[in-house]
Visitor: 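Got a structure here, written out as structure tokens. Questions coming.
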2 protein chains.
Amino acid sequence: MKASLGSIVREARELFRHHGYDGASMQDLATKVGLKKASLYTRFPTKEALVPEVLTLTNDELFVDLPEADPLAAYGVVLERIARGLSAETRCVGLHLAYGASGPDTPDAAKAVRGFFTGQRDRLAALLAPSVGEARARELAGDAIARLEGATVWTVVEGDVEPMARALRLSLSEAASSHRR
Amino acid sequence: MKASLGSIVREARELFRHHGYDGASMQDLATKVGLKKASLYTRFPTKEALVPEVLTLTNDELFVDLPEADPLAAYGVVLERIARGLSAETRCVGLHLAYGASGPDTPDAAKAVRGFFTGQRDRLAALLAPSVGEARARELAGDAIARLEGATVWTVVEGDVEPMARALRLSLSEAASSHRR
DNA sequence: CTCATAAACTACCGACCGGTCGGATCTATT
DNA sequence: AATAGATCCGACCGGTCGGTAGTTTATGAG
């Protein structure tokens with residue numbers, strides 16, 4: 001076992017993030033992890049099977065080690081992690097895959113992408129629900145995710161991270177003021 | 001001349017929008033417009049050359065026929081057009097190309113994508129600048145674009161257009177209240 | 001040390017990619 | 001009617017795609 005499963009998934013994530021589903025090739029992935037292409041197929045049955053692994057890994061990293069006592073603080077921590085990650089990498093794997101692998105071909109990938117975003121929103125909303133109600137919590141979380149994802153437009157085309165910072169601030173204050181009511 | 005230049009560019013836009021740069025093939029485009037692949041190359045020297053055409057067409061459609069007397073109203077009209085388009089098509093061509101064709105290969109496409117978004121923002125900002133100042137106008141316009149683009153996350157993965165409507169309302173009221181000051 | 005299994009390798013498949021070539025066909029001007 | 005130029009087409013190029021077949025090598029249990 002020359003390359004660990006985790007390292008393969010992490011490299012696949014990098015390729016998907018920067019080249020998209022079609023643009024990322026199994027050959028490139030094999031080279032990156034120091035294997036031959038055929039060897040990858042002993043670990044993953046298809047290219048598509050990489051997508052759920054990549055996305056669940058990414059979401060798990062976002063929701064680990066949160067302050068249990070203070071849900072509002074936990075909400076803020078997750079948003080900050082998302083914003084920091086998007087600023088550092090300029091792009092979102094999930095969004096690139098949402099645009100590139102949500103068609104009727106690759107149905108497993110499409111389902112994984114859907115689960116990535118709805119899971120992210122619903123776990124965020126769960127942190128807000130006790131204080132602002134379920135419906136409003138879902139709106140706040142969904143809008144926050146959309147704003148951060150949208151700000152990647154500017155990180156990608158201009159390398160400008162200020163819009164991301166503004167989107168983060170807005171969503172944090174929005175949650176805080178909804179909470180106070 | 002069996003197919004007009006305009007119809008080719010429009011079909012190319014549809015393919016880029018839904019399949020991305022890598023995922024859209026010249027063969028598919030040829031079939032869609034009723035030509036053979038080789039014939040496309042009498043009109044466009046490369047696949048990459050389609051990208052600027054697609055994006056300038058799209059931006060021109062956004063800024064045509066605006067109320068000249070009322071810049072704030074014009075600003076609102078453009079945002080509404082963007083939101084309507086994104087809701088109807090679920091995706092943004094520009095964003096798909098930004099993620100998929102902004103690498104060092106395809107430099108012409110990357111420049112066109114950059115110009116698509118910065119041009120959109122700067123033309124929007126020009127409508128706001130007289131009343132709120134240049135710097136603030138750029139922030140408002142950039143944030144508005146980012147929010148609408150980000151809302152496509154939900155149109156793509158869930159077919160939900162409500163986040164888009166909320167993003168539009170927020171950006172409109174933000175511009176209006178900045179204007180009043 | 002043996003031996004089964006897992007994991008890596010080489011080599012290959014058919015399909016499709018962007019792009020090119022030489023010739024056929026269409027159209028407009030004279 | 002002749003001709004020149006634009007447009008279209010069938011056939012093809014080298015290369016890459018996702019995926020597979022068959023074989024060798026590394027590993028770990030008895």
Side-chain angles (χ1 to χ4, degrees), chain A residues 1-54 96-97 99-110 112-113, chain B residues 1-54 96-97 99-110 112-113:
Chain A
M1 204 147 72
K2 296 188 179 173
S4 77
L5 264 178
S7 71
I8 295 176
V9 173
R10 263 181 285 272
E11 288 291 355
R13 174 166 61 181
E14 245 29 57
L15 287 172
F16 283 145
R17 195 198 313 276
H18 292 283
H19 302 285
Y21 185 77
D22 287 317
S25 80
M26 295 298 274
Q27 179 58 63
D28 288 346
L29 178 57
T31 303
K32 276 222 176 197
V33 301
L35 289 181
K36 299 298 170 181
K37 187 178 53 159
S39 303
L40 289 177
Y41 283 90
T42 62
R43 319 288 199 86
F44 301 94
T46 63
K47 181 186 183 181
E48 198 180 353
L50 284 164
V51 174
E53 303 296 327
V54 162
H96 208 159
L97 290 171
Y99 264 65
S102 57
D105 0 304
T106 67
D108 293 350
V113 168
Chain B
M1 204 149 69
K2 295 190 178 173
S4 78
L5 264 178
S7 72
I8 295 177
V9 172
R10 263 181 285 271
E11 288 290 354
R13 175 166 61 180
E14 245 29 58
L15 286 173
F16 283 145
R17 196 199 313 277
H18 293 283
H19 302 286
Y21 186 77
D22 287 318
S25 79
M26 295 299 273
Q27 179 59 63
D28 289 346
L29 178 57
T31 303
K32 276 222 177 198
V33 301
L35 290 181
K36 299 298 171 182
K37 189 178 49 159
S39 303
L40 288 178
Y41 283 90
T42 64
R43 319 287 199 87
F44 301 95
T46 62
K47 181 186 183 181
E48 198 180 355
L50 284 165
V51 174
E53 303 295 330
V54 162
H96 208 159
L97 290 171
Y99 265 64
S102 58
D105 1 303
T106 66
D108 293 349
V113 168

Visitor: I need the residues from residues 12-23 of chain A with at least one non-hydrogen atom less than 4.0 Å from DNA chain D; give them sorted by number, or say none.
Guide: none

Visitor: Find the distance B:L40:CG to C:dT20:P and express it as a whole number of Å.
Guide: 13 Å

Visitor: Provide the closest heavy-atom pair for A:A112 versus A:V51 in the form atom of the first, atom of the second, distance.
Guide: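 Reported closest heavy-atom pair: CB-CG1, 4.2 Å.
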
Visitor: Does anything in residues 25-33 of chain A come within less than 4.0 Å of DNA chain D? Heavy atoms only, and list the residues if so.
Guide: A:S25, A:M26, A:Q27

Visitor: Compare every heavy atom of A:L29 with every heavy atom of A:I8, then report the nearest pair and how far apart it is.
Guide: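 So the minimum-distance heavy-atom pair works out to O-CD1, 3.8 Å.
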
Visitor: If you compare all heavy atoms of B:D108 against all heavy atoms of B:E48, which two are closest, and at what distance to 0.1 Å?
Guide: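 Reported closest heavy-atom pair: N-OE2, 2.8 Å.
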
Visitor: What pairs of nitrogen or oxygen atoms, one from the protein and one from nucleotides 10-15 of chain C, lie under 3.5 Å apart?
Guide:
none

Visitor: When you measure from the centre of the six-membered ring of B:F16, is the NZ or CZ of B:K47 closer than 6.0 Å and no more than 45° off the axis?
Guide: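 No; the conditions do not both hold, so B:K47 does not lie above the ring face of B:F16.
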
Visitor: Report yes if at least one side-chain N or O of A:R43 is closer than 4.0 Å to OP1 or OP2 of C:dA8; otherwise report no.
Guide: yes

Visitor: Ignoring hydrogens, what is the shortest heavy-atom contact between B:G23 and A:D22? Give both atom names and the distance.
Guide: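 Reported closest heavy-atom pair: CA-OD2, 3.5 Å.
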
Visitor: With sequence neighbours left out, write down each residue that passes side chain to side chain donor-acceptor pair (under 3.5 Å) with B:T42, or none if nothing qualifies.
Guide: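 Listed in chain order: nothing, the list is empty.
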
Visitor: Sequence neighbours excluded, which residues qualify as side chain to side chain donor-acceptor pair (under 3.5 Å) partners of A:Y99?
Guide: B:T152

Visitor: Closest heavy-atom contact between B:A30 and B:K36?
Guide: CB-C, 3.7 Å

Visitor: Tell me, with the steps shown, if B:S7 and B:E11 meet side-chain hydrogen bond (donor to acceptor under 3.5 Å, both in side chains).
Guide: CA-CA 6 Å; B:S7 72; B:E11 288 290 354; over 6 Å; no

Visitor: Take atom CG of A:L5 and atom C1' of C:dA6, then tell me their distance rounded to the nearest Å.
Guide: 13 Å

Visitor: Can you spot which of A:L97, A:V113, A:L50 makes a side chain to side chain contact (heavy atoms under 4.5 Å, CB included) with A:Y21?
Guide: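 Filter result, single survivor: A:L97.
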
Visitor: Could you tell me the separation between the CG atom of B:L35 and the P atom of C:dT25, rounded to a whole number of Å?
Guide: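 After rounding, the gap between these two atoms is 17 Å.
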
Visitor: Nearest whole angstrom, please: distance from the P of D:dG10 to the OH of B:Y41.
Guide: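 Taking OH of B:Y41 and P of D:dG10, I get 17 Å after rounding.
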
Visitor: Restricting to salt bridge (Lys or Arg N to Asp or Glu O under 4.0 Å), what partner residues turn up for A:R13, sequence neighbours left out?
Guide: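 Testing A:R13 for salt bridge (Lys or Arg N to Asp or Glu O under 4.0 Å), a comparison that skips the adjacent residues, returns A:E61.
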
